[in-house]
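Single-structure report; data block below.
Hydrogens, waters and symmetry mates play no part in the numbers below; they use all other heavy atoms, side chains included.
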Amino acid sequence: MNEDKKIKQAVELYKNLNRQRKEILSLSAEKALNSILDSPQPAAIVHSFPEEDFYFLINDIGIEDSLQLLSLASDKQWEYILDIEVWEKDRISTNNVTKWLDLFIKADSQRFIRWFLNKKTEFVEFYLFKNIEVKIREHDQDPSIFGDDFFTLDDVFYIRFVDLPLSAESDSNFIETRNEVLSKFIDRLSGYDHNIYQNVLIEAFSIIPSEYEEKAFRLRNVRLAEKGFLPFDEAIGIYQPLKPKDLSRQSAKFITESSEERLYIPVPHYSTAMLKQDNLLTDSLKKIEKDDVLQQIQVELAGLANQIIVADQKVIRNKKELDDLVKKTCGYISIGLKQLTEEGSNLDENRAVALIQRFPLSQIFRVGYGLVLELKWRAEKWRKISWFEKNRLPLSFWGEDWIGVLGGLLIKRPLYYDNYKTGLLYREFYSIEDIKYTEKVLNEVIAFDRLLSHITVNLVPPYSGSLTYKNLVLTLWARYHLGLSDVLVPLNIDEFKIFFDNLWATGEKPHKINILMKKSFLKWLSEKTGLDPYDISMELGQTMENLFSEIESEYGSVSKKDLNSKYIQLFITK
């Protein structure tokens, strides 16, 4: 009975702390800090935060403003901060160690001394090895032989702050800060226990830096791997595409469904709180009724996000950066789910719920990302054999919108061309609609390139520099309509004015293009390429309509007398 009572009390305590954490994370930074400090048991609340959430919390509040929270943090939370902050790839950044050494000393110097002596002795000794020089005075030695740069606390151990290498961030402000931090640390360590202080100084110069750094990096990777921070060479596997048919052959993941004695997992709330946008993943998560199952999936999602951080070689510190990461993660998972569950126009949402409970989210992510890679590979394969590449034309030949889409596909990690619709020129693919739009544009580019390959035209300067697919075909068509040669020569303004008159149907401004002119354009294309008009219309009909609409938008309200070659972009004029 007593055991059952203890279990129930522990569960209630967990639930209460979980509720308080969620409330705190929903507050502004200042209110969150006050809420924790005003609590009857602030240490319990701080310790209940998963390490990732605590790290984001103090960054949101501001590191300098979070010293009280740092003093309350657990050893694991301190260790996680160092694991994230002080490493640059596989090397320890002494600059970052200086920063956090200073913060820990300011937060609670006595506790920091005890912590590093018990848990991080070699780490601090490595830092001392890199930053100080120590000489031990013999009883008959004159201290003046060490020089003015050395100082001592006991007339035995003489210490000098070493000069930083030129490659380090060795500006005067940093050097001054480092010297102040080291002075405080040495003073507090000596005051804590002078014998230990002397032992630490001696041991600092008995370690082998390369061996310690290798060992520390290995142990750090083990700790972070538990949270999804895999080594880079493993994390990068998240971008290896996976076909739907291959996913079906994967083994199912294991999800526990315990009853009253279930294990409560501390779910990182920061990342899961970002799941606000409507997509197939968030809609599916809402349909999961069992809390323990939902929590395990949320933990898995947080781990996947951490793996992507490593693969992208980024350090995420604030909510905006985390929000972008979660959007990316959820976006590709949703694309993968849509691909796996879409049959025609009907979507089986219940099947999506079953999929995220059966297969690892990382594999569903890879299915979604694989669709983007297929577009990228198709674009790269086409470019190698394309007409425009054979003619050594720049990507700008395809105009602003098309070059935006192509540019996003041809970079190492493909991105969606958003054109500032959400405030960004490029962003990650968030939905299957992004995939379909990009595929549609790529199809149009390939089709137009294939059309141009059937047109014999000599591309010579000065037209190649400012040449686009639009002014190329429209100029050749205008010259054909005016009975001029089929050589790509600029129209003079008088010739263009004649064509301009013939272009429009009668009526008031804004003018509309005469339907007969559209038919003339299609007839000319058919004769010039040898392709059937029907085939051209089926493949590029909408593209041509968009081109005519652009002509109407640009020139439909312009009077003939106001035409000026400097402002005509859709035709080559002089």
Side-chain angles (χ1 to χ4, degrees), residues 50-53 55-56 59 80 83-85 87-90 220-242 247 250 253 267-277 279-282 284-285 296-339 355-356 359-376 408 411-416 418 424 426-432 434-435:
E51 288 84 0
E52 304 99 308
D53 280 0
Y55 175 72
F56 286 123
N59 274 282
Y80 177 81
D83 285 341
I84 294 295
E85 284 286 344
W87 289 89
E88 292 180 354
K89 295 186 178 179
D90 58 348
R220 177 242 190 193
N221 286 346
V222 170
R223 290 190 297 269
L224 291 183
E226 295 175 356
K227 301 180 182 298
F229 292 100
L230 301 176
F232 175 75
D233 56 345
E234 295 180 32
I236 197 67
I238 193 62
Y239 292 120
Q240 182 178 357
L242 185 66
L247 178 65
Q250 302 290 323
K253 65 186 178 186
V267 180
H269 287 303
Y270 253 88
S271 54
T272 55
M274 301 291 179
L275 300 175
K276 296 177 181 177
Q277 64 270 24
N279 55 49
L280 187 51
L281 174 62
T282 54
S284 299
L285 290 175
Q296 290 174 73
I297 292 175
Q298 288 174 333
V299 170
E300 184 186 3
L301 180 62
L304 174 58
N306 291 341
Q307 181 179 350
I308 294 170
I309 290 174
V310 178
D312 291 350
Q313 295 187 300
K314 290 182 178 180
V315 177
I316 306 296
R317 290 189 174 91
N318 56 55
K319 283 184 178 179
K320 174 62 173 65
E321 294 171 337
L322 182 62
D323 187 39
D324 292 340
L325 174 71
V326 172
K327 280 184 180 178
K328 172 181 179 176
T329 306
C330 294
Y332 284 116
I333 293 175
S334 296
I335 292 171
L337 287 172
K338 194 75 177 283
Q339 177 71 5
L355 285 169
I356 63 176
F359 295 111
L361 297 181
S362 59
Q363 294 180 353
I364 301 174
F365 179 99
R366 288 169 55 196
V367 172
Y369 193 76
L371 295 180
V372 179
L373 284 183
E374 286 179 6
L375 289 178
K376 172 182 171 61
I411 59 178
K412 182 177 180 180
R413 294 268 177 83
L415 295 171
Y416 177 73
D418 192 56
L424 296 171
Y426 286 99
R427 61 168 172 79
E428 300 290 345
F429 288 79
Y430 292 153
S431 67
I432 200 74
D434 292 345
I435 300 283

Check your understanding: What do the steps show when you test Leu337 against Leu280 for side chain to side chain contact (heavy atoms under 4.5 Å, CB included), and what is the final call?
Key -> CA-CA 7 Å; Leu337 287 172; Leu280 187 51; 3.5 Å; yes
Check your understanding: Please walk me through it: do Asn318 and Phe56 pass side chain to side chain contact (heavy atoms under 4.5 Å, CB included)?
Key -> CA-CA 6 Å; Asn318 56 55; Phe56 286 123; over 6 Å; no
Check your understanding: So Phe429 and Tyr332, would you call those rings parallel, tilted or perpendicular, with 30° and 60° as cut-offs?
Key -> tilted
Practice item. Check whether any side-chain heavy atom of Leu224 lies under 4.5 Å from a side-chain heavy atom of Ile84, and answer yes or no. Key: yes
Practice item. Please name the pair of heavy atoms, one in Gly370 and one in Pro241, separated by the smallest distance, quoted to 0.1 Å. Key: CA-CB, 3.6 Å
Check your understanding: From Glu374 CD over to Ile435 CD1, what is the distance, rounded to the nearest 0.5 angstrom?
Key -> 9.5 Å
**Study point:** Residue pair Leu304, Ile333: steps toward the side chain to side chain contact (heavy atoms under 4.5 Å, CB included) verdict
**Key:** CA-CA 11 Å; Leu304 174 58; Ile333 293 175; 3.7 Å; yes
Review point. Atom CD1 in Ile309, atom CG in Leu325: separation rounded to 0.5 Å?
Key: 5.0 Å
Review point. Roughly how far, to the nearest 0.5 Å, is the CG atom of Leu281 from the OG1 atom of Thr329?
Key: 9.5 Å
Review point. What are the two closest non-hydrogen atoms of Tyr239 and Asp312, and how far apart are they?
Key: OH-OD1, 2.6 Å
Check your understanding: Which pair of non-hydrogen atoms, one from Leu247 and one from Phe359, has the smallest distance, and what is that distance?
Key -> O-CE2, 3.3 Å
Review point. Partners of Asp324 by salt bridge (Lys or Arg N to Asp or Glu O under 4.0 Å), sequence neighbours excluded?
Key: Lys320
Review point. Do the side chain of Lys328 and the main chain of Arg427 share a donor and acceptor less than 3.5 angstrom apart?
Key: no
Exercise for review: Would you give the length of the straight line joining atom CG of Asn306 to atom CD of Glu226, rounded to the nearest 0.5 angstrom?
Suggested key: 12.5 Å
Review point. Between Phe229 and Gln307, is a side chain to side chain contact (heavy atoms under 4.5 Å, CB included) present by the stated rule, with each step listed?
Key: CA-CA 5 Å; Phe229 292 100; Gln307 181 179 350; over 6 Å; no
Study note, to complete from the structure: Sequence neighbours excluded, the answer for salt bridge (Lys or Arg N to Asp or Glu O under 4.0 Å) partners of Asp83 is Arg223
Practice item. Using atom types as modelled and distance alone, determine if a side-chain donor or acceptor of Asp323 lies under 3.5 Å from a backbone N or O of Lys319. Key: no
Check your understanding: Which value, rounded to the nearest 0.5 Å, describes the distance between Leu285 atom CG and Ile297 atom CD1?
Key -> 6.5 Å
Practice item. State whether Arg317 and Glu85 are salt-bridged, where the test is any N-O pair (Lys NZ or Arg NE/NH1/NH2 against Asp/Glu carboxylate O) under 4.0 Å. Key: yes
Check your understanding: So how far is it from Leu373 CG to Gln240 CD, rounded to the nearest 0.5 Å?
Key -> 10.0 Å
**Study point:** Minimum heavy-atom distance Lys338-Ile432, with the two atoms named
**Key:** NZ-CG2, 3.4 Å
Point to revise | Shortest non-hydrogen contact between Glu428 and Tyr416, atoms and distance | key: O-CB, 4.0 Å
Check your understanding: Does the distance from a Lys or Arg side-chain N to an Asp or Glu carboxylate O, for Glu51 and Lys227, drop under 4.0 Å?
Key -> yes
Check your understanding: Hey, mind stepping through Asp418 and Tyr430 against side-chain hydrogen bond (donor to acceptor under 3.5 Å, both in side chains) and telling me if it holds?
Key -> CA-CA 11 Å; Asp418 192 56; Tyr430 292 153; over 6 Å; no
Review point. Has the side chain of Glu300 got a donor or acceptor atom that lies under 3.5 Å from a matching backbone atom of Leu361?
Key: yes
Exercise for review: Considering non-hydrogen atoms only, spot the tightest contact between Pro414 and Tyr369 and give its length.
Suggested key: CD-OH, 3.6 Å
